[in-house]
J.: 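Here you go, one structure.
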2 protein chains.
Amino acid sequence: MTLHCATCPVRDRAACAVLEDEEREELARAGRLRTLHKGETLFAAGMTEAACATLKSGALKITSIDADGRERILSLVHPSGFVGEMFGPYMRHDVVALGESELCVFSGPAFAEAIERYPGLGQALLRRTQEDLFASRELLALTGTASAEQRVAGALLSLARAASDSPCHPAKEFDLPLSRGELADMLGLTIETVSRMLTRFEREGAIRRNGKRGIELLDPALLPLR
Amino acid sequence: MTLHCATCPVRDRAACAVLEDEEREELARAGRLRTLHKGETLFAAGMTEAACATLKSGALKITSIDADGRERILSLVHPSGFVGEMFGPYMRHDVVALGESELCVFSGPAFAEAIERYPGLGQALLRRTQEDLFASRELLALTGTASAEQRVAGALLSLARAASDSPCHPAKEFDLPLSRGELADMLGLTIETVSRMLTRFEREGAIRRNGKRGIELLDPALLPLR
DNA sequence: CGCTGTATTGAAAGGCATCAAAGGTAGTGG
DNA sequence: CCACTACCTTTGATGCCTTTCAATACAGCG
């Protein structure tokens with residue numbers, strides 16, 4: 001399937017936004033559109049074939065499996081985000097769709113070539129990767145010493161920010177892209193603890209739950225943040 | 001103080017190794033040599049001035065302070081490693097010397113200009129930043145669900161690998177670059193728990209302690225890894 | 001030799017995991 | 001439309017692991 005950049009929902013936020021129109025069309029010819037359903041795997045850890053992708057819509061999780069076979073969520077990818085490896089010999093982690101998702105997928109060599117040809121693209125990716133690094137370290141700081149209460153509160157605010165269009169202010173009302181189990185896997189907790197914390201926040205009037213996934217931030221100041 | 005690349009101990013492993021000799025000399029004129037003593041701060045979180053550096057010798061820690069004023073170690077930097085921000089408006093984290101350290105320091109704009117001029121440098125940095133990202137995620141996976149025993153064991157092996165010259169095989173005997181407290185801050189544990197795990201490993205014959213910092217890996221197979 | 005900071009060891013408390021069961025919700029088919 | 005199943009979520013009771021609090025040991029250094 002070919003790519004149609006002109007109608008791309010993330011054309012001015014994704015990494016390729018730094019390219020001129022004709023350059024982007026050129027790059028688009030090396031990629032292909034792919035649609036993933038909830039739970040489908042984009043990349044599997046250990047894959048020896050380098051590849052990468054830009055997320056157009058939906059959401060992804062980057063995960064690894066620990067010794068006990070338990071899944072650990074290392075990062076979330078939101079629209080305009082970039083995943084994959086252009087260089088490495090193999091994929092380090094699994095990348096799985098959290099819901100219906102659309103992506104532009106490129107082979108590693110093809111994208112590496114594009115970086116060679118368009119230095120601006122490499123720089124854009126460098127900035128983006130640094131941002132990913134900071135996000136990863138933020139999660140590290142959150143899950144390191146914080147209590148279960150603080151972890152869930154922090155995740156709620158983080159997801160509220162991601163759900164909002166303006167990057168600064170969190171959305172007042174939004175749907176969690178993650179199940180309780182996935183939330184637990186991201187925070188290093190159990191399903192039961194996450195559930196308990198959510199009911200606690202609701203009882204204290206900080207949030208209101210609408211169905212399984214719906215969250216309304218009534219009074220964020222009541223959340224026990226770090 | 002000017003830089004002398006010809007005698008630099010990391011000249012063939014650092015990011016600038018991708019440059020030609022004369023290009024590197026050109027870059028060197030934009031940087032300066034700096035020596036840090038144990039505990040000295042290279043960059044402070046919140047600093048509005050972009051800057052970056054390559055570590056020539058010694059070791060650094062990248063840290064943030066959580067709500068309770070407790071320090072959290074997010075990453076370690078070993079010789080030939082790169083730290084800092086070329087682009088961002090401010091420093092996200094503190095960067096502090098773990099021991100006597102030598103660095104090449106550059107201002108953010110100067111280094112950004114070098115990236116513009118030498119695309120290979122930007123690519124080298126991109127690879128390096130991706131490696132940092134994977135390292136961060138590895139620590140995230142380690143501290144997420146693993147028990148205290150597994151965390152300390154994992155940290156020991158990781159530090160043994162870092163202390164070794166060959167990147168694959170861990171050093172049999174080495175000195176911890178971190179105090180007990182710093183190890184605890186990195187793993188999200190307390191000093192006491194770290195100490196208890198080390199004595200447990202020694203009692204079980206997995207390691208031997210030589211003084212406060214010395215570690216000898218007697219039987220790594222006994223370490224309860226993930 | 002005493003002092004200060006770091007490390008070890010012990011006992012008690014608390015938080016989260018585990019085990020177990022019930023309550024909801026969605027999807028399927030009668 | 002309802003019944004039925006399967007899955008996710010919530011809630012409860014118990015136990016373990018790590019933290020916390022406290023004291024001792026040890027090394028470096030004036």
J.: Could you give the CZ-to-P distance, from A:Arg151 to C:dA17, as a whole number of Å?
T.: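 It is 8 Å, rounded to the nearest whole Å.
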J.: Would you mind reading off the distance between B:Leu198 atom CG and C:dT6 atom P, rounded to a whole angstrom?
T.: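 Distance, rounded to whole Å: 17 Å.
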J.: Does B:Thr193 make a side-chain N or O approach to OP1 or OP2 of D:dC17 shorter than 4.0 Å?
T.: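 So the side-chain polar atoms of B:Thr193 never come under 4.0 Å of the phosphate oxygens OP1 or OP2 of D:dC17.
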J.: Does one side chain, of B:Asn210 or B:Glu173, offer a donor that lies under 3.5 Å from an acceptor on the other?
T.: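 B:Glu173 and B:Asn210 do have a side-chain donor-acceptor pair below 3.5 Å.
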J.: Quickly work out the B:Glu192 CD to C:dA11 P distance and round it to whole Å.
T.: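 The answer, rounded to whole Å, is 15 Å.
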J.: Is there a side-chain contact between A:Val105 and A:Leu42 (heavy atoms, below 4.5 Å)?
T.: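 A side-chain contact under 4.5 Å exists here.
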J.: Give the rounded distance in Å between these two atoms: CZ of A:Arg196 and P of C:dT18.
T.: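 Atom-to-atom, A:Arg196 to C:dT18, this comes out as 12 Å.
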J.: Within 45 degrees of the ring normal and closer than 6.0 Å to the centroid, is that where the cationic atom of B:Arg127 sits relative to A:Phe87?
T.: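 Judged by the rule, B:Arg127 and A:Phe87 form a cation-pi pair.
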J.: Rounding to a whole Å, what distance do you find between A:Leu183:CG and D:dC8:P?
T.: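 My rounded result for the distance is 15 Å.
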J.: Is any side-chain heavy atom of B:Leu33 closer than 4.5 Å to a side-chain heavy atom of B:Lys56?
T.: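 SC-SC contact between B:Leu33 and B:Lys56 confirmed.
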J.: Atom CD of A:Glu182 and atom P of D:dC7: how far apart are they, to the nearest Å?
T.: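 The answer, rounded to whole Å, is 16 Å.
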J.: Within the structure, does a side-chain N or O atom of B:Ser179 lie under 4.0 Å from either OP1 or OP2 of C:dT6?
T.: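 No, no such contact exists.
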J.: Are any non-hydrogen side-chain atoms of A:Phe201 and A:Leu156 less than 4.5 angstrom apart?
T.: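 Yes, their side chains come closer than 4.5 Å.
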J.: Please list residues of residues 200-219 of chain B whose heavy atoms come under 4.0 Å from any atom in DNA chain D, ordered by number; otherwise none.
T.: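 Contacting residues: none.
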J.: Would you say A:Arg180 reaches D:dT10's phosphate, i.e. side-chain N/O to OP1/OP2 under 4.0 Å?
T.: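 Checking A:Arg180 against D:dT10: at least one side-chain N or O falls below 4.0 Å of OP1 or OP2.
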J.: Contact between A:Thr145 and B:Asp185 at the side-chain level, heavy atoms closer than 4.5 Å - yes or no?
T.: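 The answer is no; the side chains never approach within 4.5 Å.
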J.: What is the distance from CD of B:Glu149 to P of D:dT18, rounded to the nearest Å?
T.: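 Those two atoms, CD and P, are 8 Å apart.
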J.: Go nucleotide by nucleotide along DNA chain C from the 5' end; which of B:Ser195 and A:Leu189 gets its closest nucleotide reached first?
T.: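 Looking at the nearest nucleotide for each, B:Ser195 comes out on the 5' side.
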J.: Can B:Arg128 be said to sit on top of B:Phe82's aromatic six-ring, NZ or CZ under 6.0 Å from centre and within 45° of the ring axis?
T.: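 That pair does not qualify as a cation-pi contact.
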J.: Output yes when at least one side-chain N/O atom of B:Thr190 is less than 4.0 Å from OP1 or OP2 of D:dT18, else no.
T.: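 No, no such contact exists.
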J.: Over how many whole Å does the gap from B:Ile191 atom CD1 to C:dT9 atom C1' extend?
T.: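 In whole Å, C:dT9 C1' and B:Ile191 CD1 are 14 Å from each other.
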